[in-house]
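Lettering of chains follows the sequences in order, A, B, ..., and the numbering in each one begins at 1.
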Protein chains: 2
Amino acid sequence: MTPVKNPPMMTATRSSKSRAAFKARPIQKSSISDDIVQQIMKQISSGNLKPGERLPSERDLCKSFNTGRSSLREALRCLSIMGVLTARVGEGTSVSTDGSKFLETVMQWRFITEKYDIRNLMETRISLEGLAAASSAERATEDEIAALEILIERMEGFVDDAKRYGALDLEFHLGIARASQNQVIYDLVSLIRGQLVRALAEVLVVPDARPRSTEEHKGIISSIRKRNPEAARKAMQAHLEAAITRYEDAHVSS
Amino acid sequence: MTPVKNPPMMTATRSSKSRAAFKARPIQKSSISDDIVQQIMKQISSGNLKPGERLPSERDLCKSFNTGRSSLREALRCLSIMGVLTARVGEGTSVSTDGSKFLETVMQWRFITEKYDIRNLMETRISLEGLAAASSAERATEDEIAALEILIERMEGFVDDAKRYGALDLEFHLGIARASQNQVIYDLVSLIRGQLVRALAEVLVVPDARPRSTEEHKGIISSIRKRNPEAARKAMQAHLEAAITRYEDAHVSS
DNA sequence: TACTGTCACATGGTCTGACCATCGTCAATC
DNA sequence: GATTGACGATGGTCAGACCATGTGACAGTA
């Protein structure tokens, strides 16, 4: 894990005098908290610790790991900030039941540290959501389809409210991702959507954008209801392409 | 951030007497280390703290944040375990220059806490790598294409060595993802690949798998060289579909 | 019987002070 | 000029303390 030592860095170009090349492997000294984090994660992955299960108290864990409370707490805190553990005063620490919170948190950070190019994001999104739509056409339940249709109706009531409309739009796209019955797609779509959230807000304020968007949504859900994967994919991709165009137009004019 | 309270959990099914549903939003009490983490991340995202730049010493930061060293350290430790910061004894703490390590670490954990379905992963991978191949056909540099071709030649020398072949295979797929000139795709492809690494090791030990795989690789790179996006996409997707088939055959027979 | 208040206890959250190992620096030394 | 050694700064670890909060048991009350 987290490297503690610098790479070898053979200082060959040192001076005139040549030295015997001394081979050595850098000592790996991982910190205590790193170790604890690893151990706990391993216990979780091995099923030894199940979601919702409670860990021993911090003071007990100190004895088990034979370590000070600070080191232990650094590990626990790290895991709980990342959403793997949930700690409550007076109640103890337990494994989080909602694992998705983890990805969510982390992606929020990813978006902070690294800015992706919007075109790259949209390009990837077109591919992923196309797949989501196609998969939904194959595997969405009747209930899911019905819910999406209702969602569209609700959106029509908010064509004049960019903010509300945007929220429902997000719900629509995530709904399709979920209806694909593919957790990977859902995670990735929501991930990318998180990165795009600022840019998309600009798109939907474009005049005329929302009515068009609604029509395109109807086309998508219609293809899904007809269980036509390729049509659904194409409809979704066309929808997103159109969104890009709207975005770029707005960007140029501003 | 990290929720401190339980969800509402309306205990509706309590007894015979019915109760008025009392709506309440759990109190959010963020801990100090959470705050510090947020603040530091914000400083990094705003560009106030640039990669490689050194932070004040822990003891100085304590004074700045007006907090104890333990709380501060919990935050710093969390960030450094996640790869955002790099801390070395006697040297200080600085912002990591390699941001990708962050995603890598995190995904390793994601894979630990949550197991994705292999079919879902492959399905998504087909879509993404198809896009990668298509984009590469449009945007790969001549150098990148040449490097991929050389890579294939090297792979032919290792058709008898499943392990080495696997390593080169990974390099090939990542190379195409990189040649797409789309950082998002590259990150996601390497992410998914990481999840699949165990399963894929099983695929390549199937007799006859490696020669076939090599042929398919040649087809992909050929389409890319011809600058034919759709052909490249189809070739890549066919390659991955074939890999699935090989995997399932191997799985059934075992 | 059902609710409510109280109290001891366990637990996570925070602070403080201390010691250690390591690194960079720079003067002293050969 | 190269090597060495002392010194200060820094992160890593520990132990002990106090606080605020949640839990559970128990008694009191209607």
Starting at atom [atom1] of [X], determine the distance to atom [atom2] of [N], rounded to an integer number of angstrom.
X: B/Ile81; N: D/dG11; atom1: CD1; atom2: C1'; answer: 14 Å
X: B/Glu74; N: D/dT13; atom1: CD; atom2: C1'; answer: 14 Å
X: B/Leu55; N: D/dG11; atom1: CG; atom2: C1'; answer: 13 Å
X: B/Glu91; N: D/dG8; atom1: CD; atom2: P; answer: 20 Å
X: B/Leu85; N: D/dG12; atom1: CG; atom2: P; answer: 11 Å
X: A/Arg69; N: D/dC18; atom1: CZ; atom2: P; answer: 14 Å
X: B/Glu58; N: C/dC20; atom1: CD; atom2: C1'; answer: 14 Å
X: B/Asp35; N: C/dG13; atom1: CG; atom2: C1'; answer: 13 Å

Inset, instruction - Using a 4.0 Å heavy-atom cut-off across all strands, classify A/Gly68 as base, sugar-phosphate, or nothing. - result: sugar-phosphate
Inset, instruction - Would you mind classifying the nucleic acid contact of A/Leu76 as base, sugar-phosphate or nothing, using non-hydrogen atoms under 4.0 angstrom? - result: nothing
Quick check on [N]: is either OP1 or OP2 less than 4.0 Å from any side-chain nitrogen or oxygen of [X]?
X: B/Ser70; N: C/dC15; answer: no
X: B/Ser31; N: C/dG13; answer: no
X: A/Ser57; N: C/dT11; answer: yes
X: B/Ser71; N: C/dG13; answer: no
X: B/Arg54; N: D/dT10; answer: yes
X: B/Thr67; N: C/dT14; answer: no

Short side-chain to backbone donor-acceptor contact, [X] and [Y], under 3.5 Å:
X: A/Ser80; Y: A/Arg77; result: yes
X: B/Ser96; Y: B/Gly83; result: yes
X: A/Gln181; Y: A/Ala179; result: yes

Inset, instruction - When you get a sec, tell me which of C/dC15, D/dT13, D/dG11 is the closest nucleotide to the side chain of B/Thr93? - result: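 Among C/dC15, D/dT13, D/dG11, the one nearest the side chain of B/Thr93 is D/dG11.
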Legend entry - Nucleotide nearest A/Val89 when distance is taken to its side chain, options C/dT14, D/dA20, D/dT10: D/dA20
Inset, instruction - Between B/Asp60 and A/Leu72, name the one whose nearest nucleotide on DNA chain D is closer to the 5' end. - result: B/Asp60
Inset, instruction - By nearest nucleotide on DNA chain D, pick out whichever of B/Arg73 and A/Arg59 is the more 5' one. - result: B/Arg73
Legend entry - From A/Ser71 atom OG to A/Asp35 atom CG, the distance as rounded to the nearest 0.5 Å: 10.5 Å
In residues 51-59 of chain A, what donor-acceptor pairs under 3.5 Å come from side-chain atoms, sequence neighbours left out?
{"residue": "A/Glu53", "atom": "OE1", "partner": "A/Lys50", "partner atom": "N", "Å": "3.0"}
{"residue": "A/Ser57", "atom": "OG", "partner": "A/Asp60", "partner atom": "N", "Å": "3.3"}
{"residue": "A/Glu58", "atom": "OE1", "partner": "A/Arg69", "partner atom": "NE", "Å": "3.0"}
{"residue": "A/Glu58", "atom": "OE1", "partner": "A/Arg69", "partner atom": "NH2", "Å": "2.9"}
{"residue": "A/Glu58", "atom": "OE1", "partner": "A/Arg73", "partner atom": "NH1", "Å": "3.4"}
{"residue": "A/Glu58", "atom": "OE2", "partner": "A/Arg73", "partner atom": "NH1", "Å": "2.9"}

Legend entry - Base of C/dG12 paired with side chain of A/Arg77 (donor-acceptor, under 3.5 Å): no
Legend entry - Base of C/dG24 paired with side chain of B/Arg88 (donor-acceptor, under 3.5 Å): no
Inset, instruction - Quick one: closest heavy-atom pair of B/Asp187 and B/Ser190, and the distance? - result: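 Looks like O-OG, 2.9 Å.
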